[in-house]
Colleague: 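The structure follows.
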Amino acid sequence: MREKLGRDAEPTAGVIDSQSIKADAVVGTDSRGFDGGKLINGRKRHVVVDTLGLLLGVMVTAADVGDRTAARVLLERVAAAHHRVALVWADGGYTGSLVEYCLATLALVLAIVKRSDDIRGFVVLPKRWIVERLFAHLMQSRRLVRDFERRTTSAEAMVYWSMIGLMTRRLARSRPARA
């Protein structure tokens, strides 16, 4: 997909974020939690995408797992699978010791994109809209609007399945590659 668009096959930058989703009754209490910030009882999808919005990694946890805690594990997986990733943009929820951990342990720069305090209403933040676009795509998949999977690995597989559909549609478009 990246090569068709005239890019290197391996990405060098990414964007990380999480999305809380409600869980169905079949989801056990061992993998379900309550996200107090969004008032959602369910699970949380943590994703890393490249600058084209293509999925690099996904991790599904209980909704009460913090973003920084899950990001450590997910960024380790992404760094191991994609050796050239050197920069990841994140929102303010990923500040603190995670920034130093990524730089020291993973040789990865975690750049925090913060929203300005004096701006009111909706504002598109640089690079952050890329991961939000993926979440919008996932919410168009009926199976992903709510988490119906008993296991978190099955929930992760459903995200990959939805991403395969998106990439297939993008590849089927006839568009010349950039020089």
Colleague: Taking all non-hydrogen atoms of both residues into account, name the closest pair between Phe135 and Gln19 and its distance.
Modeller: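 The pair with the smallest heavy-atom distance is CD2-OE1, 3.4 Å.
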Colleague: Measure across Ala9 and Pro11 and return the closest heavy-atom pair with its distance rounded to 0.1 Å.
Modeller: O-CD, 3.8 Å
Colleague: For Ile40, what are the other residues in its hydrophobic cluster, where any two members join if their side-chain heavy atoms are less than 4.5 angstrom apart?
Modeller: none
Colleague: Using atom types as modelled, flag every donor-acceptor pair under 3.5 Å from a side chain in residues 88-98 to any protein atom, sequence neighbours excluded.
Modeller:
from, atom 1, to, atom 2, distance (Å)
Asp91, OD1, Gly93, N, 3.1
Asp91, OD2, Arg128, NH2, 3.4
Thr95, OG1, Gly92, O, 3.2

Colleague: Just wondering, do Arg169 and Arg173 contact through their side chains at under 4.5 Å, heavy atoms?
Modeller: no
Colleague: On a heavy-atom basis, which atom in Leu171 and which in Lys4 lie closest, and how many Å separate them?
Modeller: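 That closest heavy-atom pairing would be O-NZ, 2.7 Å.
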Colleague: Quick one: hydrophobic cluster around Met139, which other residues, with the 4.5 Å side-chain cut-off, linked directly or via members?
Modeller: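 Besides Met139, the hydrophobic cluster comprises Val145, listed by chain and residue number.
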Colleague: Give me the atom names and distance for the closest heavy-atom approach of Asn41 to Gly33.
Modeller: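 In this case the closest contact between Asn41 and Gly33 is OD1-O, 3.2 Å.
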Colleague: Using the rule that two of Ile, Leu, Val, Met, Phe, Trp, Tyr join whenever any of their side-chain heavy atoms come within less than 4.5 Å, decide whether Val109 and Val85 are in one cluster.
Modeller: no
Colleague: Could you state the interatomic distance from OG1 (Thr61) to CD (Glu156), rounded to the nearest 0.5 Å?
Modeller: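 Thr61 atom OG1 to Glu156 atom CD measures 9.0 Å (nearest 0.5 Å).
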Colleague: Salt bridge (charged side-chain N to carboxylate O under 4.0 Å, His left out): which pairs involve residues 64-79, sequence neighbours left out?
Modeller: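 Found Lys44-Asp67.
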Colleague: Grab the two heavy atoms, one from Met163 and one from Leu134, that are nearest each other, plus how far apart they are.
Modeller: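 In this case the closest contact between Met163 and Leu134 is SD-CD1, 3.5 Å.
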Colleague: Treating Ile, Leu, Val, Met, Phe, Trp and Tyr as nodes and any side-chain heavy-atom pair under 4.5 angstrom as an edge, say whether Met167 and Val78 lie in one connected cluster.
Modeller: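 Met167 does not cluster with Val78.
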Colleague: Could you note down all residue pairs passing side-chain hydrogen bond (donor to acceptor under 3.5 Å, both in side chains) where residues 102-112 supplies at least one of them, sequence neighbours left out?
Modeller: none
Colleague: Anything under 3.5 Å between a donor and an acceptor, one on a side chain of residues 47-60, the other on a protein residue two or more places apart or in another chain? List them.
Modeller:
from, atom 1, to, atom 2, distance (Å)
Asp50, OD1, Leu52, N, 3.0
Asp50, OD1, Gly53, N, 3.0
Asp50, OD1, Leu54, N, 2.8
Asp50, OD2, Arg2, NH1, 2.7
Thr51, OG1, Arg7, NH1, 3.3

Colleague: Just do the side chain to side chain contact (heavy atoms under 4.5 Å, CB included) check on Asp8 and Arg84 with the steps written out, would you?
Modeller: CA-CA 10 Å; Asp8 243 353; Arg84 294 191 56 206; 2.7 Å; yes
Colleague: Using modelled atom types only, decide if a donor and an acceptor are shared between the side chain of Thr168 and the backbone of Ile164 within a distance under 3.5 Å.
Modeller: yes
Colleague: Could you work out, with side chain to side chain contact (heavy atoms under 4.5 Å, CB included) as the rule, every residue matching Trp129, not counting sequence neighbours?
Modeller: Val124, Arg133
Colleague: According to salt bridge (charged side-chain N to carboxylate O under 4.0 Å, His left out), does anything in residues 31-43 pair up with another residue at least two apart or in another chain? List the pairs.
Modeller: Arg43-Asp147
Colleague: Could you pull out all residues at least two apart from Ser141 that satisfy side chain to side chain contact (heavy atoms under 4.5 Å, CB included)?
Modeller: Leu144, Ser162
Colleague: Could you list the residues that satisfy side chain to side chain contact (heavy atoms under 4.5 Å, CB included) with Ser154, not counting sequence neighbours?
Modeller: Glu149, Arg151
Colleague: Group every Ile, Leu, Val, Met, Phe, Trp and Tyr by side-chain heavy-atom contacts under 4.5 Å, then state whether Ile21 and Trp161 land in the same group.
Modeller: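 Cluster IDs for Ile21 and Trp161 differ.
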Colleague: Roughly how far, to the nearest 0.5 Å, is CG of Leu138 from CG of Leu166?
Modeller: 9.0 Å
Colleague: Verify side chain to side chain contact (heavy atoms under 4.5 Å, CB included) between Leu108 and Leu87, making sure each step is shown before the conclusion.
Modeller: CA-CA 6 Å; Leu108 189 72; Leu87 172 66; over 6 Å; no
Colleague: Between Val15 and Tyr160, is there shared hydrophobic-cluster membership here, with clusters defined by ILVMFWY side-chain heavy atoms closer than 4.5 Å?
Modeller: yes
Colleague: Test side chain to side chain contact (heavy atoms under 4.5 Å, CB included) on His46 and Ile16 and set out the steps.
Modeller: CA-CA 7 Å; His46 306 271; Ile16 187 170; 5.8 Å; no
Colleague: Under the side chain to side chain contact (heavy atoms under 4.5 Å, CB included) rule, collect the residues that match up with Arg142, sequence neighbours excluded.
Modeller: none
Colleague: Locate the shortest heavy-atom distance separating Arg143 from Phe148; write the atom from each residue and the value.
Modeller: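 Shortest heavy-atom separation between Arg143 and Phe148 comes out as O-CD1, 3.7 Å.
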Colleague: Could you please spell out the steps behind the side chain to side chain contact (heavy atoms under 4.5 Å, CB included) verdict for His83 and Glu10?
Modeller: CA-CA 8 Å; His83 302 291; Glu10 273 297 312; 5.9 Å; no
Colleague: Connecting only ILVMFWY residues whose side-chain heavy atoms lie within less than 4.5 Å of each other, what is the rest of Phe34's hydrophobic cluster?
Modeller: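 In the cluster with Phe34 are Leu39.
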